[in-house]
**Student:** 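First the structure, which I've put down as structure tokens, then a few questions once you've had a look.
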Protein chains: 2
Amino acid sequence: MPKKVDHQAQRALIADALMRVAATRGLEAVSLRHVATEAGVSTGMVQHYFRTKDQMMIFALDMVSAGVQARLAAEAGDQDAVPTPRALVRGLLLQMLPLDEQRATEGKVALAFLSYAAVRPHVAAELRENTAQMRAFFADQIRATSPAERGVDPELAATALLALVDGLGVHVLGGHYSPDAALAALDQYLDSVLPAEAAGPRPRADRTITPPAPRTVGP
Amino acid sequence: MPKKVDHQAQRALIADALMRVAATRGLEAVSLRHVATEAGVSTGMVQHYFRTKDQMMIFALDMVSAGVQARLAAEAGDQDAVPTPRALVRGLLLQMLPLDEQRATEGKVALAFLSYAAVRPHVAAELRENTAQMRAFFADQIRATSPAERGVDPELAATALLALVDGLGVHVLGGHYSPDAALAALDQYLDSVLPAEAAGPRPRADRTITPPAPRTVGP
DNA sequence: TTTTTTACAATACACCTGCAACGTAAAGTG
DNA sequence: CACTTTACGTTGCAGGTGTATTGTAAAAAA
């Protein structure tokens, strides 16, 4: 077996270029040639690593969600001060908002893929498990603070929380309001579900998130 | 001036076809020929009414937002029982969720346009006024029920509300959960911002929404 | 009736698309 | 040293794309 190259790295290189194209010119501008040019390689090489355009798209999609999950895991593991669940949740949510240039790019790509998946069921299936896992985690954290005190269902609250963050992100990307406004709205909402400092810190086992390994496509 | 035809009607015919294509095969499948075929007309006719593809897209975008606004206005004017602001808000929000086939279609198109606008600033501007107006309206309604009792800022609450609905809609479209689950999450959230039946009905003047007239493109 | 203006239809064009086929250079294995 | 397998680069092709151009029928205006 000759010329040992890191397939995953090459694919990541291409997928990175794809994301750059998608973020700046939209998903519809993503073509083999544009991506190849952006990556500084030949279209033949792109074809070598992705038999079809759809495979390339799906790989890129996996990469962005893996990236987000990795950031979330880092954020969750970083806070050794073991703050309140609310602070933890807030920290995680902040990672999902387009508060800086990089995350805005990611957000645009994610948004593009969202509508891409809306008419491609098998692509949509890819995204589902991610959100499901995340929702379970957030539900746990919510359970930690407000132990069924009021009539709040943690599952529903987590669902709303994720939807809210996604919605805020979309609106910020659309320029409807500033990231600060989104943050303020989020904080006010958090006040109602995770009341200020109701409960103390929780055992560490409760707040680990394991990012899934990026999917391997080929050999 | 010969052959008097209703330009706006013809354009609507084409835009309808565009939305059907976009909803079933995605925005990237929207081409002059596909749209023309779907509408049962020639590509020449499409070109006659839209000098460029972008004009066609923007017109269609305007049509969906006008449609939504019309439905909202109908919903707002329909309830002559003058229920609580909460019921009114809930009724309006329901119109924005993809709870039936038609609204799911609209939602897919809207989602597609969202990512379309994310990389086209002048298109994004189109969408901004809509949400701004809507946010002001919802803020008013929120003010009506909870008159600054707790530390809830009506503006922020309205922002969150719209973001939440959009996020829920996106997730439902992505098949992440059922419309019922989205509705349950929404209701629980409403409990926290618009407490059950705090205030009575409000004067009618407070709840009128005037849908903007669909934009005229050409002569 | 003649003329002009509109509403379309048909076609042509240059460009882009995904993908397949072919070529070749290099690195590992025997 | 062969020899085979991999990793590309190049080219070509059939089809789709937006748009410009041209043609034509019909209806209003003169």
Side-chain angles (χ1 to χ4, degrees), chain A residues 1-18 20-22 24-61 112-113 116 119-120 122-123 216-219, chain B residues 1-18 20-22 24-61 112-113 116 119-120 122-123 216-219:
Chain A
M1 286 145 197
K3 225 182 194 180
K4 194 184 101 184
V5 297
D6 187 342
H7 283 235
Q8 210 65 4
Q10 299 286 70
R11 286 192 235 263
L13 184 96
I14 296 172
D16 266 337
L18 188 155
R20 258 173 282 143
V21 173
T24 56
R25 290 192 283 163
L27 247 200
E28 64 197 33
V30 170
S31 71
L32 294 188
R33 285 178 249 266
H34 281 161
V35 170
T37 302
E38 174 74 30
V41 301
S42 72
T43 75
M45 150 146 177
V46 176
Q47 278 193 97
H48 182 68
Y49 286 103
F50 299 107
R51 260 193 274 272
T52 169
K53 182 189 176 182
D54 252 23
Q55 284 189 22
M56 178 177 72
M57 302 281 270
I58 291 181
F59 181 89
L61 172 58
F113 272 118
Y116 182 80
V119 292
R120 284 169 190 82
H122 76 281
V123 175
T216 310
V217 172
Chain B
M1 286 145 197
K3 227 184 193 178
K4 193 185 100 184
V5 297
D6 186 344
H7 282 235
Q8 209 66 3
Q10 300 286 70
R11 285 192 236 263
L13 184 95
I14 297 172
D16 266 338
L18 188 155
R20 260 174 279 143
V21 173
T24 56
R25 291 192 281 162
L27 247 201
E28 65 197 30
V30 170
S31 73
L32 293 188
R33 287 177 246 269
H34 281 160
V35 171
T37 301
E38 173 73 31
V41 301
S42 74
T43 77
M45 147 141 179
V46 175
Q47 277 193 99
H48 182 67
Y49 285 104
F50 299 106
R51 262 193 274 270
T52 169
K53 183 188 178 184
D54 251 24
Q55 284 189 20
M56 178 176 74
M57 303 281 269
I58 291 182
F59 182 88
L61 172 60
F113 272 118
Y116 182 80
V119 292
R120 286 170 189 79
H122 75 281
V123 175
T216 309
V217 173

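Reminder, nothing fancy here: chain letters follow the sequence lines and each chain counts from 1. Values below: every heavy atom of this structure, side chains too, minus hydrogens, waters and symmetry copies.
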**Student:** How many Å lie between CG on A/Asp54 and C1' on C/dC19, as a whole number?
**Tutor:**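 Distance, rounded to whole Å: 13 Å.
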**Student:** So, do B/Val35 and B/Val41 sit near enough that their side-chain heavy atoms are less than 4.5 Å apart?
**Tutor:**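 They are not in contact (no side-chain heavy atoms under 4.5 Å apart), so the answer is no.
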**Student:** When you check the phosphate oxygens OP1 and OP2 of D/dT19, does a side-chain N or O of B/Thr52 lie under 4.0 Å from one of them?
**Tutor:**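 So the side-chain polar atoms of B/Thr52 do come within 4.0 Å of the phosphate oxygens OP1 or OP2 of D/dT19, strictly under.
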**Student:** Output yes when a side-chain donor or acceptor of A/Ser31 lies under 3.5 Å from a complementary backbone atom of A/His34, and no otherwise.
**Tutor:**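 Between the backbone of A/His34 and the side chain of A/Ser31 there is a qualifying donor-acceptor contact (under 3.5 Å).
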**Student:** Side chain of A/Lys53, backbone of A/Val30: donor and acceptor closer than 3.5 Å?
**Tutor:**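 Between the backbone of A/Val30 and the side chain of A/Lys53 there is a qualifying donor-acceptor contact (under 3.5 Å).
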**Student:** Counting N and O atoms only, with roles assigned by atom type, does the side chain of B/Arg120 sit under 3.5 Å from a partner on the main chain of B/Tyr116, one being a donor and the other an acceptor?
**Tutor:**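 Here the side-chain-to-backbone pair exists.
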**Student:** Pairs counted as Watson-Crick or G-U wobble with both distances under 3.5 Å: what dot-bracket string results for DNA chain D, using | for bases tied to another strand?
**Tutor:** ||||||||||||||||||||||||||||||
**Student:** Locate the shortest heavy-atom distance separating A/Ala29 from A/Val21; write the atom from each residue and the value.
**Tutor:**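 Smallest heavy-atom distance, with atoms named: O-CG1, 3.7 Å.
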**Student:** Of all heavy-atom pairs between A/Phe59 and A/Ala12, which one has the smallest distance, and what is that distance?
**Tutor:**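 Looks like CE2-N, 3.9 Å.
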**Student:** Starting at CE of A/Met57 and ending at P of C/dC19, how long is that distance when rounded to a whole Å?
**Tutor:**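 Atom-to-atom, A/Met57 to C/dC19, this comes out as 11 Å.
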**Student:** Check every atom of C/dA9, D/dT19, D/dC8 against the side chain of A/Tyr49 and return the nucleotide holding the closest atom.
**Tutor:**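 So the nucleotide nearest the side chain must be D/dC8.
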**Student:** Donor-acceptor pair, distance only, cut-off 3.5 Å: does the side chain of B/Arg25 make one with the backbone of A/Val119?
**Tutor:**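 Not at all, since once roles are kept as given, no pair shorter than 3.5 Å links the two residues.
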**Student:** What is the distance from NZ of A/Lys53 to C1' of C/dA20, rounded to the nearest Å?
**Tutor:**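 Rounding to the nearest Å, NZ of A/Lys53 and C1' of C/dA20 are 17 Å apart.
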**Student:** Would one find a side-chain N or O of B/His7 under 4.0 angstrom from OP1 or OP2 of C/dT6?
**Tutor:**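 Looking at the OP1 and OP2 atoms of C/dT6, neither is under 4.0 Å from any side-chain N or O of B/His7.
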**Student:** Measuring only between side-chain heavy atoms, which start at C-beta, is A/Leu27 closer than 4.5 Å to A/Met57?
**Tutor:**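 Yes, side chains in contact.
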**Student:** Between atom CD in A/Glu28 and atom C1' in D/dG16, what is the gap in whole Å?
**Tutor:**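 So the two atoms are 15 Å apart, to the nearest Å.
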**Student:** Please list, by residue number, the residues of residues 33-41 of chain B whose heavy atoms come closer than 4.0 Å to an atom of DNA chain D; answer none if no residue qualifies.
**Tutor:**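 Correct list: B/Arg33, B/His34.
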**Student:** Minimum heavy-atom separation for B/Val46 and B/Leu32, please, with both atom names.
**Tutor:**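 Scanning both residues completely, I find the closest heavy atoms to be CG1-CD2, 4.0 Å.
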**Student:** Rounded at 0.5 Å granularity, tell me how far CG in A/Asp54 sits from CD1 in A/Ile58.
**Tutor:**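 Going from CG on A/Asp54 over to CD1 on A/Ile58, the span is 5.5 Å.
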**Student:** Check this one for me: any side-chain N or O of A/His48 less than 4.0 Å away from OP1 or OP2 of D/dA7?
**Tutor:**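 Affirmative; the distance criterion is met.
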**Student:** Rounded to the Å, how far apart are A/Ile14 CD1 and C/dG18 P?
**Tutor:**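 So the CD1-P distance, A/Ile14 to C/dG18, works out to 14 Å.
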**Student:** Whole Å only: how far is the CE atom of B/Met45 from the P atom of C/dC8?
**Tutor:**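 B/Met45 atom CE is separated from C/dC8 atom P by 5 Å.
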**Student:** Starting at the 5' end of DNA chain C and moving along, which residue's nearest nucleotide shows up first, B/Gly44 or A/Val30?
**Tutor:**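 Nearest nucleotide further toward 5': that of B/Gly44.
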**Student:** Enumerate the protein-to-nucleotides 20-24 of chain D contacts in which both atoms are nitrogen or oxygen and the separation is below 3.5 Å.
**Tutor:**
unit_1, atom_1, unit_2, atom_2, d
D/dA20, N7, B/Gln47, OE1, 3.3
D/dA20, N6, B/Gln47, NE2, 3.1

**Student:** Side chain of A/Ser42, backbone of A/Met45: donor and acceptor closer than 3.5 Å?
**Tutor:**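 Such a contact is found between A/Ser42 side chain and A/Met45 backbone.
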**Student:** What is the distance, to the nearest angstrom, from the CZ atom on B/Arg11 to the C1' atom on C/dA7?
**Tutor:**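 So the two atoms are 13 Å apart, to the nearest Å.
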**Student:** Between A/Leu32 and B/Gln10, just flag the one whose closest nucleotide in DNA chain C comes earlier from the 5' side.
**Tutor:**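 Residue closer to the 5' terminus by nearest nucleotide: B/Gln10.
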**Student:** In whole Å, what is the span from the CG atom of B/Asp6 to the C1' atom of C/dC8?
**Tutor:**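 In whole Å, C/dC8 C1' and B/Asp6 CG are 16 Å from each other.
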**Student:** Does C/dT17 have OP1 or OP2 sitting under 4.0 Å from an N or O in the side chain of A/Ser31?
**Tutor:**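 Result: yes.
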**Student:** Search all heavy atoms of A/Arg11 against all heavy atoms of A/Tyr49 and return the closest pair with its distance.
**Tutor:**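 Result for this residue pair: NH1-O, 2.6 Å.
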